Structures are given as C-alpha cells and as structure tokens.
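To start, the structure itself, in structure tokens.
Counting convention: from 1, in listed order, for ligands and their atoms alike. Throughout, residue positions are numbered sequentially from 1 according to the sequence presented. Note that this is a predicted model, so its numbers are computed, not measured.
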Amino acid sequence: MKIIMIAGDGIGPEISAATKEVLQSANASFKLNLQIEDEIAGHASLKKYGATVTEALLKKVKQADGLILGPMSTYDFKDESKGEINPSKFFRKSLDLYANIRPAKTYEGLRSPVNDFDLIVVRENTEGFYADRNMEQGSGEILVTPDVAISLRRITRQCCERIARTAFELAGSRKKHVTIVHKANVLKIADGMFIDICHQIGKEFPEISIDDFIVDAMAAHLVRAPQNFDVIVTSNMFGDILSDLTAELSGSLGLAASVNAGTQHAMAQAAHGSAPDIAGKNIANPYSLILSTAQLLEWYSHRSGKSEFVHAAKAIEDAAASLILSKEVTKDIGGNLGTKEAGNALAQKLLALR
Ligand code: NAD
C-alpha cells in the first residue's frame with residue numbers, strides 16, 4: 001500500500017509525526033509492506049510553490065492507494081487566485097471523496113458528560129452549503145452589493161443516493177438503524193428531497209429501521225441521549241457541526257477521526273482544524289489522526305481484500321482504548337503525556353504484537 005502523507009499546518013506536523021511512528025509499527029507487526037511518502041500542502045506549499053496544493057501533488061495522490069492529510073489552516077486561505085486553495089476541498093472534490101465517515105464513542109476510563117455511546121456520523125462531503133465546491137465554475141458565494149451576500153447550497157439526487165447507500169450499508173454491519181438528520185421544516189425542497197431519497201434507498205435495505213430528526217433538535221438529542229443513535233446520515237454542513245459535537249461528547253475533539261472515501265480513493269483526516277492555539281507545544285492529541293489512519297487501513301482492506309490491513313486497524317483501535325484506560329495519553333483525555341510520547345506509547349504497544 002502506497003500512502004502519501006501531508007503533515008499540514010499548526011499542530012499538523014506534531015500529530016502527523018506521531019501518526020507516522022504508529023503506522024511504521026503497524027507495518028512491522030502486520031507485514032503491511034507500506035510505502036509512506038511525505039509531501040507538503042497548505043502554508044509549506046504556498047511558501048515553496050506559490051500554491052497550497054498543486055496539480056503535480058494531485059497526480060501523485062491519484063497514483064497512490066491512500067492519503068493522510070494533516071489539519072490545514074483553511075481560514076487563512078482566502079484568495080484562490082493567489083494560490084490559497086483549501087486543501088480539504090481540493091482533495092475531496094478532485095478525488096470525489098463523497099462520504100465523510102466520522103465515528104465517535106465513549107471509552108472506558110475516560111469521563112464523558114453524557115451516557116455511553118458508539119455512533120457514526122455519515123456526512124455528505126461534496127456539496128451542500130460548501131459554496132466553494134458546489135459550482136462547475138467559480139464560487140457559490142455572491143456579494144450582491146457591499147451589504148448583501150448570498151451563499152448557495154446545492155443538493156443533488158446523485159449525491160443523496162450515494163451517501164444514503166453508504167449509510168445503509170454501514171448500518172447493516174452495526175445495529176441496523178439509520179437516523180436521517182435534516183432541516184426540511186425550513187429547507188423544504190432541498191432537504192425534503194434529501195429525506196425522500198434516503199427513504200427510497202432505505203427500501204433496498206428492509207432489515208434496517210429508519211427515523212429522522214431536525215438538525216437543531218438533533219443537537220439536543222445527542223447531548224441528552226447519544227446512546228439512542230447508531231448511524232446518522234446528513235448533508236455536508238450539518239455533519240460537520242454534529243461530528244465536532246459527538247467527538248467532544250466522547251471526551252475531546254482530539255479524538256475526532258474521519259476517513260473521506262470515494263469509490264477509487266480515500267483520505268484519512270482528523271475532523272478538527274490546525275489548532276493554532278496549541279501548535280508547537282507538544283500537547284495536541286494525535287489520536288484523531290492515528291484513528292483516522294486506522295480507518296484508512298480498513299478502507300484499503302475492503303478494497304484490496306487483504307485482511308492484514310483490517311487486523312492492523314483493529315489493533316490500533318484496541319491499543320488506543322487500552323492506553324486511554326491506563327491514562328498513558330495526552331492531557332485532553334486524562335493523561336499527562338505529550339503528543340510525541342502518546343504516539344510512541346501506541347507505537348510500542350503495536351510493536352509488542354510482533
Ligand atoms: P480547531 O478544530 O483547530 O480547534 C478547536 C479547539 O479544539 C481548539 O481549542 C483546539 O486547541 C482544540 N483541538 C483541536 N484539535 C485538537 C487536538 N488534536 N488535541 C487537543 N485539542 C485539539 O478549530 P479552529 O481553531 O476554529 O480552526 C483553526 C484552523 O483550522 C482554521 O484555519 C480553520 O479554518 C481550520 N480548520 C481546518 C479543518 C481541516 O483541515 N479539515 C477543519 C476545521 C478547521
């Protein structure tokens with residue numbers, strides 16, 4: 001498996017280095033024959049090549065089997081004509097990574113403000129309120145007058161169908177229940193279509209039960225009783241927001257893992273940002289990116305039929321759970337290790353499996 005690894009901005013280099021150490025241990029213990037190649041994007045690439053991402057990089061990523069993208073300071077990138085392209089958008093759109101799979105669960109030994117839960121937010125990743133990616137040309141954000149702005153939200157049948165199918169397939173291997181989250185009381189046409197299509201796809205999966213919630217109420221339900229949910233399918237921005245909530249409810253945004261998957265490509269990416277407030281201090285939690293990488297290995301296992309990759313993914317998740325229990329983790333999740341030391345502790349656990 002050839003993996004391109006991009007460290008990213010802010011805490012990116014720190015959590016990426018820890019992730020790489022874990023990956024190298026998994027490689028040694030599970031004989032994955034990994035080839036890891038470092039590349040740059042974001043601020044480092046802007047400085048070196050005059051653009052946050054390049055077509056040459058995209059070509060390399062397309063030829064690889066997976067991408068690990070460190071967090072990016074996307075808020076800094078305002079003008080595409082100056083090379084300031086949002087790398088997340090660039091890869092999600094260019095590689096058609098339509099399904100953003102964001103698991104969140106509570107862990108034994110880690111205090112959470114809510115009841116125990118284990119769920120997955122399945123977020124549509126290519127359209128919705130993301131005005132920078134939902135037009136053929138240009139941006140879906142328009143400044144009509146200096147005081148009037150319009151942002152377009154796009155919802156299409158094709159994108160609803162494929163994200164719904166991803167959610168129902170996932171639910172088949174879990175508790176066989178899908179929750180549709182929407183705002184159809186206000187966005188009657190677009191979200192009405194989203195719900196209808198989810199129900200239509202659901203008919204292909206008669207063993208799976210379905211309910212639906214309006215997104216604002218869903219935020220309250222997730223805090224009140226997250227244990228009532230298993231697979232949650234929703235459009236792009238609602239999924240972005242709710243998955244930060246579920247990650248934090250599980251103990252910390254530093255646990256927020258995700259894989260962005262399409263039919264041909266996949267990208268591991270922490271669900272959080274570049275956390276400039278804690279960058280360079282060796283305190284960021286690397287588990288978000290490490291667990292995202294485990295998801296990438298699992299995706300590759302399904303794609304390639306090579307079972308050692310899913311075994312490695314499971315071993316990474318188990319090692320993380322056991323280190324959370326013994327508190328050999330970063331501060332945000334109850335330990336007192338630094339980023340580097342937390343990555344090393346996990347890497348050592350994997351090496352012990354050899
Ligand atoms: P953020 O997600 O970077 O941080 C929010 C809070 O969570 C901060 O207090 C931060 O210290 C904490 N946090 C985040 N990751 C952590 C970790 N691994 N361990 C411990 N604590 C962690 O959100 P922000 O500060 O609003 O955004 C910073 C930058 O990141 C902005 O430029 C934003 O546009 C960008 N961003 C990028 C992505 C992405 O690359 N996918 C996602 C969200 C935000």
Electrostatic pair [X]:[Y] at N-O distance under 4.0 angstrom:
X      : Y      : value
Asp38  : Lys20  : yes
Glu37  : Lys2   : yes
Arg174 : Asp118 : yes
Glu204 : Arg165 : yes
Lys89  : Glu80  : yes

Using a 3.5 Å cut-off on N or O atoms only, is [X] in polar contact with ligand 1?
X      : result
Thr74  : yes
Met72  : yes
Asn285 : yes
Ser274 : yes
Ala271 : no

Does [X] use its side chain to pair, donor to acceptor, with the backbone of [Y] at less than 3.5 Å?
X      : Y      : value
Ser250 : Ser112 : no
Lys176 : Gly172 : yes
Asn125 : Leu97  : yes

Show which atoms of ligand 1 fall inside a sub-4.0 Å distance from at least one heavy-atom site of [X].
X      : answer
Ile11  : 15 (N), 18 (N)
Gly254 : 17 (C), 18 (N), 19 (N)
Ala284 : 19 (N)
Pro276 : 28 (C)

Could you tell me the residue and atom name of the protein heavy atom closest to [atom], and the distance to it rounded to 0.1 Å?
atom                    : value
atom 10 (C) of ligand 1 : Asp277 OD1, 3.5 Å
atom 39 (C) of ligand 1 : His272 O, 3.8 Å
atom 41 (N) of ligand 1 : Gln269 NE2, 3.3 Å
atom 32 (O) of ligand 1 : Tyr75 N, 3.0 Å

(message) If you scan the protein for heavy atoms around atom 15 (N) of ligand 1, do you find one that is closer than 4.0 Å?
(response) yes
(request) Mark whether atom 30 (O) of ligand 1 lies under 4.0 angstrom from at least one protein heavy atom. (result) yes
(request) Please tell me if the side chains of Met218 and Phe238 come closer than 4.5 Å, counting only heavy atoms from C-beta onward. (result) no
(request) Could you go through the ring pair (Phe, Tyr, Trp, His ring centres under 6.0 Å) check for Phe77 and His43 one step at a time? (result) CA-CA 9 Å; Phe77 308 140; His43 276 293; 5.0 Å; yes
(request) Please work out whether any backbone atom (N, CA, C, O) or any side-chain heavy atom from C-beta onward of Ala275 is under 4.0 Å from ligand 1, and answer side chain, backbone, both or neither. (result) both
(message) Can you tell me if Ile15 contacts ligand 1 (heavy atom of the residue under 4.0 Å from the ligand)?
(response) no
(request) Between Ser73, Ala247, Gly273, Pro87, flag the one that comes closest to atom 2 (O) of ligand 1 by a heavy atom. (result) Gly273
(message) My understanding is that we take every heavy atom of each candidate and find the minimum distance to atom 21 (N) of ligand 1. Doing that for Asp332, Leu253, Ile278, which one comes out nearest?
(response) Ile278
(request) Could you walk me through whether Met5 and Thr19 pass side-chain contact (heavy atoms from CB on, under 4.5 Å), step by step? (result) CA-CA 10 Å; Met5 192 153 190; Thr19 301; 4.0 Å; yes
(request) I would like to know whether Thr156 and Gln158 meet side chain to side chain donor-acceptor pair (under 3.5 Å); could you show each step before the answer? (result) CA-CA 5 Å; Thr156 61; Gln158 185 213 9; 5.0 Å; no
